[in-house]
Amino acid sequence: MKDIIAEALSEAIELSYDDVQTLLTQPPQPNMGDIAFPCFQLAKKIRKAPVLIAGELNDKLNLRLTDSADPFSRAVERIEAVGAYLNFFLRRDTFAEEVLRASIAAGDRPGASDEGKGKTIIVEYSSPNIAKPFHVGHGFSTFLGEAIANLYEYAGYNVQRFNHLGDYGTQFGKLIVAWRRWGDVEALNKAPIQELTRIYIKFHDEAKIEPELEDEARRAFTRLEQGSEEEMKLWQTFREVSLEEFDDTYDRVNIHFDNMNGESFYAKMTPEVVTLLSEKGLLIESEGAQVVDLEDYGLNPCLILKNDGSTIYATRDIAAVLYRDRIWNFHRNIYVVGIPQINHFNQIFAVMEKLGMPDPERNVHVAFGTVRFADGVFSTRKGNIVLLDELLDAGVAHARAIVEESHPDLDDAEIEEISERIGVGAVRYTYLASGRERDILFSWEDILDYEGDTAPYLLYTVTRCASLLRKADSAVLKRLEKHSDEDAALLIGDDEQKVLKEIVQFPESLSAARKHYEPSMMIRRLMQLARAFNTFYHSTPILRVDDTALSAARLALAQAVERTLKAGLRIAGIEPVDRM
RNA sequence: GGUCCCGUAGCUCAGAUGGAUAGAGCGUUGGUCUCCUAAACCGAAGGUCGCGCGUUCGAAUCGCGCCGGGAUCACCA
């Protein structure tokens, strides 16, 4: 209906349809109208006071409202000029019809599209280090990356989920040396990462007393690089047992990667990078190392080869970009990696540009903040790190306590399933709800608060919708099936209209979230929709009305809300529940 | 020190092309369950948008300068 207004305005004034469209906004209060057109810009153009313009436009467009055959009069109820604003009040019945019709047509995938058809998008995220604990910090990249991947998939892109494992580097030399001295096979089988962490810490403690260990580790890594069988075998074991443990977590949060090529995979391709760079004359010597000068980008030189001739992570990342472009010819190559690596990616992308990569802006660093703890209490007895699984467990346990209390009728398996979804969903939500570049401040108090701006609130709203549909009587359900416009036109109450407005804006929030790699933009919209629905739910009887048509209409609205919330939650990676 | 980011209610955050009276949630406080699930709803209190100057008809938003906090600045990733 916005389009009809934009069209009418562009006919009435000297602005194109698109210009008008972008100027249209929403008034701050619903009683001021549904759509507003500010006349300031126009005032500059035609050199007339904006208040005067608003008044003249008001007179002009009001004439069209008298013609009942005019589609404009079917969309617009009345127009008011307030100051420099021209405020349009939509016809509520027409609006309700249109929103419900669109929602039904979109089905379970509101806002989905095929805009990305034939385009491949690589999203690199999670990327834990082998032999290191998967802690709450990894949760950020993991959940943010998955949500971004889902957003693009929803718009029809061919999304490739990459997990760039940290499975290469001198620390593996240390691990090999440590394992030979202090490794315990039984402990490794029982809790692999815990055991590997133990010997790694021990290595550092011992190296303080016995510095030769460092050299030994370096030699071990060199042998590993050269493919020595014995070292390779150990490395492979460390990698496998770590992955098995990571997979438990990935299964739990239902995240699955298409590609698990870690750094070791790209390390093999680094000679090619060195050749290419030197062929293009980009490689220069500096302090014994080989670097690419990036002064024209305002960046420090990018180190390619260390003074001992070995490669560095930048070299491997460049190899990865080249490889990925060759194999996938990607439309975007997205790195979901923390803010501290901003400089690193600026360098990599600058080198790609120097190498003459077509459209280098296809490479994107989606940076995010740090996970911090609000209080000292937020840690385990073992140390200052909290495993992601521990955080999820705490969330689920808290959810279970509430579910058990409110649903004594459910059996254990059901309680388990529901609690798991709520608890895990609550944790994921806290990672996604704020702008990604902000640090996340975790406190047990907030993470276990399931009221207000939380996933459980959204989930609870879904269960209300589901419950209504379960309890509706057959006459109403039968009427609901027909989805008639006449019924939809009954949804003209303030609270009903507010809900409809939120539904309309969901698809817009999806494209905004995609454009900015910012799932929170969608999440906030979901939250507003849920709040609008809950207000409506309290103020307005849905099943307890005698009028079957009205009941069916309101139920249709609840259905539309449920579809929208579920779709958004799933994109966020949060699995909805039917009751809680 | 150079570069970049941040500073909005007691706390956590929105305010993504400069527009109407700066908004949510938590917390505080007062109400609402014989009635579609109270993980809910309704009301109240709470702000010199870090400070100053500037651009503009109009600035939380843009520019400059301060103050405070953070990240980063090659042989780790």
Side-chain angles (χ1 to χ4, degrees), chain A residues 22-23 25 27-29 32 36 38 40-41 43-44 49-50 82-85 87 127 129 164 166 168-171 263 286-292 298-308 310-314 316-317 337-344 346-347 367 369-370 374 399 402-403 405-407 422 426 430 433-435 437-441 443 445-446 449-461 463-472 512 515-516 518 520-521 524 527-528 530-531 534-545 551 554-555 558 579-580:
Chain A
T22 54
L23 281 174
T25 58
Q29 308 280 333
M32 297 169 79
F40 304 100
Q41 307 252 341
K44 219 169 240 174
V82 181
Y85 287 89
N87 292 336
S127 310
N129 292 321
H164 193 78
Y168 193 84
T170 41
Q171 72 266 28
E263 291 178 72
S286 167
E287 295 171 38
Q290 296 291 315
V291 305
V292 176
L299 295 167
N300 295 311
C302 182
L303 192 67
I304 302 296
L305 290 175
K306 301 193 268 191
N307 57 20
D308 66 358
S310 57
T311 63
I312 191 168
Y313 66 115
R316 299 191 279 277
D317 272 348
V337 179
I339 288 176
Q341 298 214 41
I342 234 168
N343 182 58
H344 167 69
N346 282 340
Q347 289 186 322
T370 310
I402 302 174
V403 176
E405 204 191 312
S406 52
H407 291 286
I422 296 169
T430 59
S434 300
E437 300 210 10
R438 269 195 190 264
D439 289 351
I440 296 180
L441 204 68
S443 72
E445 197 192 335
D446 288 343
D449 178 5
Y450 286 179
E451 289 170 15
D453 184 11
T454 63
Y457 181 96
L458 293 177
L459 293 170
Y460 184 75
T461 310
T463 65
R464 277 190 157 166
C465 296
S467 176
L468 285 167
L469 283 155
R470 276 197 300 270
K471 294 197 170 164
K515 186 173 163 198
H516 299 281
E518 189 59 277
S520 67
M521 297 179 89
R524 288 183 189 288
M527 190 48 65
Q528 279 180 264
R531 273 200 281 268
N534 281 320
T535 296
F536 156 71
Y537 179 91
H538 275 274
S539 72
T540 317
I542 297 165
L543 302 179
R544 297 178 176 279
V545 281
S551 186
R554 287 175 178 166
L555 211 49
R579 62 189 80 214
M580 63 187 275

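These values consider heavy atoms only, across backbone and side chains, with no hydrogens, waters or symmetry-generated copies. We name chains A, B, ... by the order of the sequence lines, and we start the count at 1 in each one. Just so it is clear, the structure is predicted and the values come from calculations on it, not from any experiment.
- Straight-line distance from the CG atom of A:Asn343 to the P atom of B:A74: 9 Å, rounded to whole Å.
- With sequence neighbours excluded, the residues satisfying side-chain contact (heavy atoms from CB on, under 4.5 Å) with A:Ser310 are A:Lys306, A:Asp308.
- The distance from atom CD1 of A:Ile339 to atom CD of A:Glu437, rounded to the nearest 0.5 Å, is 4.5 Å.
- Comparing B:G18 with B:G1, their P atoms are spaced 33 Å from each other, to the whole Å.
- Judged as a side-chain contact (heavy atoms from CB on, under 4.5 Å), and not counting sequence neighbours, the contacts of A:Ala36 are A:Thr25, A:Pro27, A:Tyr85, A:Asn87.
- Looking at residues two or more places apart in sequence or on another chain, you find a salt bridge (charged side-chain N to carboxylate O under 4.0 Å, His left out) between A:Asp439 and A:Arg372.
- The distance between atom CD1 of A:Ile312 and atom P of B:C76, rounded to the nearest whole Å, is 6 Å.
- An OP1 or OP2 oxygen of B:A39 is reached within less than 4.0 angstrom by no side-chain nitrogen or oxygen of A:Thr454.
- If A:Ala289 and A:Pro456 are placed on RNA chain B by their nearest nucleotide, the residue sitting closer to the 5' end is A:Pro456.
- Sequence order on RNA chain B of the closest nucleotides to A:Lys471 and A:Met527 puts A:Met527 first from the 5' end.
- Remark: A:Ile402 pairs with A:His398, A:Tyr450 by the side-chain contact (heavy atoms from CB on, under 4.5 Å) rule, at least two apart or across chains.
- With a cut-off of 3.5 Å on both pairing distances, the Watson-Crick and G-U wobble pairs of RNA chain B assemble into stems of 3 or more at B:1-7 with B:67-73, B:10-13 with B:23-26, B:28-32 with B:40-44, B:50-54 with B:62-66.
- Per the geometry, CD belonging to A:Glu263 stands 6 Å off C1' belonging to B:A77, to the nearest Å.
- Rounding to the nearest 0.5 angstrom, the gap separating the CE atom in A:Met580 from the CG atom in A:Leu459 is 5.5 Å.
- Partners of A:Thr430 under the side chain to side chain donor-acceptor pair (under 3.5 Å) rule, at least two apart in sequence or in another chain, do not exist in this structure.
- Among residues two or more places apart in sequence or in another chain, the salt bridge (charged side-chain N to carboxylate O under 4.0 Å, His left out) test is passed with A:Arg316 by A:Glu263.
- Atom OH in A:Tyr457 sits roughly 8 Å away from atom P in B:G25 (whole-Å rounding).
- A search for side chain to side chain donor-acceptor pair (under 3.5 Å) contacts involving A:Gln347 returns nothing, not counting sequence neighbours.
- B:C26 and B:C66 are spaced 34 Å apart, taking the C1' atom of each and rounding to whole Å.
- No engagement by A:Pro50 is indicated, since no non-hydrogen atom pair under 4.0 Å with the nucleic acid exists.
- The separation of B:U8 from B:G47, taken at their C1' atoms, amounts to 8 Å, rounded to a whole angstrom.
- Protein atom CZ of A:Arg544 is 13 Å distant from nucleotide atom P of B:U34, rounded to whole Å.
- For A:Met580, the side-chain atoms get nearest to B:A39 when compared with the rest of B:A20, B:A39, B:C75.
- For the pair A:Asn534 CG and B:A24 P, the computed distance is 16 Å after rounding to whole Å.
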Where along nucleotides 7-15 of chain B does protein come under 4.0 Å, by heavy atom, of base (B) or sugar-phosphate alone (S), with - for untouched nucleotides? SB---SSS-
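- Note: CD1 (A:Ile542) to C1' (B:C35) measures 13 Å, nearest angstrom.
- Look at the P atom in both B:G43 and B:A24: the space between them is 10 Å, to the nearest Å.
- Look at the P atom in both B:G15 and B:A20: the space between them is 16 Å, to the nearest Å.
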Name the pairs: protein N/O against N/O of nucleotides 55-61 of chain B, kept only if under 3.5 Å.
none

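- When only modelled atom types and interatomic distance are considered, A:Glu518 and A:Ser520 share a side-chain donor-acceptor pair under 3.5 Å.
- For the P atoms, the distance linking B:A16 with B:U29 amounts to 34 Å, nearest Å.
- By the side-chain contact (heavy atoms from CB on, under 4.5 Å) test, A:Lys471 pairs with A:Ser467, A:Leu543, sequence neighbours left out.
- Comparing the C1' positions of B:C75 and B:U17 gives a spacing of 44 Å, expressed to the nearest Å.
- In this structure, A:Arg531 reaches the sugar-phosphate backbone alone: every heavy-atom distance under 4.0 Å involves primed, P, OP1 or OP2 atoms, never a base.
- Using a 4.0 Å heavy-atom distance criterion, A:Ala49 is classed as making no nucleic acid contact.
- Residues meeting the ring pair (Phe, Tyr, Trp, His ring centres under 6.0 Å) test with A:Tyr313, sequence neighbours left out: A:His344.
- A gap of 23 Å separates the C1' atoms of B:G54 and B:A22, to the nearest Å.
- Separating the CG atom of A:Asn300 from the P atom of B:U3 is a distance of 12 Å, rounded to the nearest angstrom.
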